[in-house]
Protein chains: 2
Amino acid sequence: MPKYTLDALDKKIIRMISNDARVPFLEVARACNVSGAAIHQRIQKLQSLGIVKGSQFIIDPEKIGYETCAYVGLYLKYPERFDNVVEELRKMPEVVECHYTTGGMDMFIKLYAKNNHHLLSIIHDKLQPLGLSRSETIISFNAAISRPLNVADINDED
Amino acid sequence: MPKYTLDALDKKIIRMISNDARVPFLEVARACNVSGAAIHQRIQKLQSLGIVKGSQFIIDPEKIGYETCAYVGLYLKYPERFDNVVEELRKMPEVVECHYTTGGMDMFIKLYAKNNHHLLSIIHDKLQPLGLSRSETIISFNAAISRPLNVADINDED
DNA sequence: TCTGAAATTGAGTCATC
DNA sequence: GATGACTCAATTTCAGA
């Protein structure tokens with residue numbers, strides 16, 4: 001039950017700008033056979049609805065020396081301090097995601113480290129002091145797929 | 001051991017463009033007290049080195065009806081068919097990440113579904129037929145943190 | 001590597017349909 | 001909702017330091 005149903009033009013716009021935030025709106029306009037002003041207005045609407053939430057350049061962590069990607073399940077000694085722990089995690093630049101999940105663990109985070117040794121030191125020196133009873137680490141050797149949700153390939157009704 | 005050591009200007013550029021791919025390069029230039037052409041050249045170099053890998057607008061999956069985010073660990077009946085399974089996963093728009101990991105499972109994927117029922121049908125009707133011996137699903141109720149790796153806060157040497 | 005200036009192209013606004 | 005014309009600003013290129 002989407003809050004807003006995207007029409008074909010919305011989807012084409014989203015497909016183009018979600019793959020390349022720098023594509024000129026006029027180029028999108030030409031590809032869609034509408035005016036530049038129409039694209040401008042559509043994108044403004046999508047942003048005001050919160051469907052489009054901003055843009056970013058993608059930086060390759062490996063290329064800047066962050067060669068280890070890991071997921072860590074955290075089990076807290078004091079689960080009631082959840083919000084506090086989130087605040088601490090937010091201060092750690094290595095932590096890029098934090099989820100509240102099913103599955104018994106209290107939180108599930110994704111982080112980047114320079115190497116396995118650095119990962120270990122992050123877990124021991126920065127995560128343990130947050131009050132962990134234990135943790136479970138999954139290291140990603142390789143991201144075979146990493147991409148945004150492809151809106152254009154999706155049916156609205158099924 | 002980064003392949004390329006970023007200087008202060010690179011980091012400032014990356015910090016600005018990784019939060020907003022639409023920021024005018026001239027604005028970056030003014031913030032850095034260099035010419036627009038210098039920013040242009042730096043970003044081209046970062047792209048040719050593969051450090052900057054492109055840009056994207058961020059779409060909120062929830063707002064377009066994808067309200068369930070899940071991680072699924074897959075255990076394959078025939079692990080030698082790994083590459084084949086990756087190709088099949090690539091065809092599923094709901095799958096946004098696929099990792100080859102430690103931890104016993106053969107692959108670890110991230111996907112978006114419309115709701116829990118839809119998630120179940122994806123697992124049963126689309127993932128099981130790929131040849132799973134079993135799977136483990138973690139549902140994310142809430143992403144308390146979701147952001148890019150913050151290059152600017154990072155030390156190159158330690 | 002950076003600069004400054006020139007040429008081209010795009011963004012954003014608005015009255016109008 | 002979309003258009004076309006307009007103004008202002010940004011991108012891109014290039015010779016030169």
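Residue numbers start from 1 in every chain, and the chains themselves are labelled A, B, ... in the order their sequence lines are given, proteins ahead of strands. What's counted below: heavy atoms across the whole structure, side chains too, no hydrogens, waters or symmetry copies.
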N/O donor-acceptor pair under 3.5 Å between A:Arg90 side chain and B:Ile145 backbone: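 Not at all, since once roles are kept as given, no pair shorter than 3.5 Å links the two residues.
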Test item: B:Asp20 side-chain N/O and B:Met16 main-chain N/O as donor-acceptor pair under 3.5 Å: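 Flag not set: sc B:Asp20 to bb B:Met16 has no pair under 3.5 Å.
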Range on DNA chain D touched by chain A, heavy atoms, distance below 4.0 Å: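 With heavy atoms of chain A under 4.0 Å away, the range is D:dG1 to D:dT11.
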Gap separating the CD1 atom of A:Ile58 from the CD1 atom of B:Ile17, nearest 0.5 angstrom: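 Result: 10.0 Å between the selected atoms.
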Reading 5' to 3' through nucleotides 4-17 of chain C, protein heavy-atom contacts under 4.0 Å coded B for base, S for sugar-phosphate only, - for none: B-----SSSBB---
Heavy-atom check, side chain of B:Asp10 versus side chain of B:Val151, under 4.5 Å: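 Side chain of B:Asp10 against side chain of B:Val151, heavy atoms only: no contact under 4.5 Å found.
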Lys/Arg N to Asp/Glu carboxylate O, B:Arg81 vs B:Asp106, below 4.0 Å: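 Answer for the salt bridge query: no.
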B:Tyr66 and B:His118 aromatic ring geometry - parallel, tilted or perpendicular at 30°/60° bounds: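 If you compare the ring of B:His118 with that of B:Tyr66, the planes turn out perpendicular.
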Mutual orientation of the aromatic rings belonging to A:Tyr71 and B:His99 [parallel < 30°, tilted 30-60°, perpendicular > 60°]: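 Perpendicular.
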Contacts of A:Phe82 that satisfy ring pair (Phe, Tyr, Trp, His ring centres under 6.0 Å) - sequence neighbours left out: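 Scan of A:Phe82 (ring pair (Phe, Tyr, Trp, His ring centres under 6.0 Å), adjacent residues dropped) gives A:Tyr100.
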Rounded distance in Å - CD1 (B:Ile43) to P (C:dT1):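 Going from CD1 in B:Ile43 over to P in C:dT1 covers 15 Å.
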Sugar-phosphate, base or nothing in reach of B:Leu9, heavy atoms under 4.0 Å: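 Sugar-phosphate: the residue B:Leu9, judged by heavy atoms under 4.0 Å, touches backbone atoms but no base.
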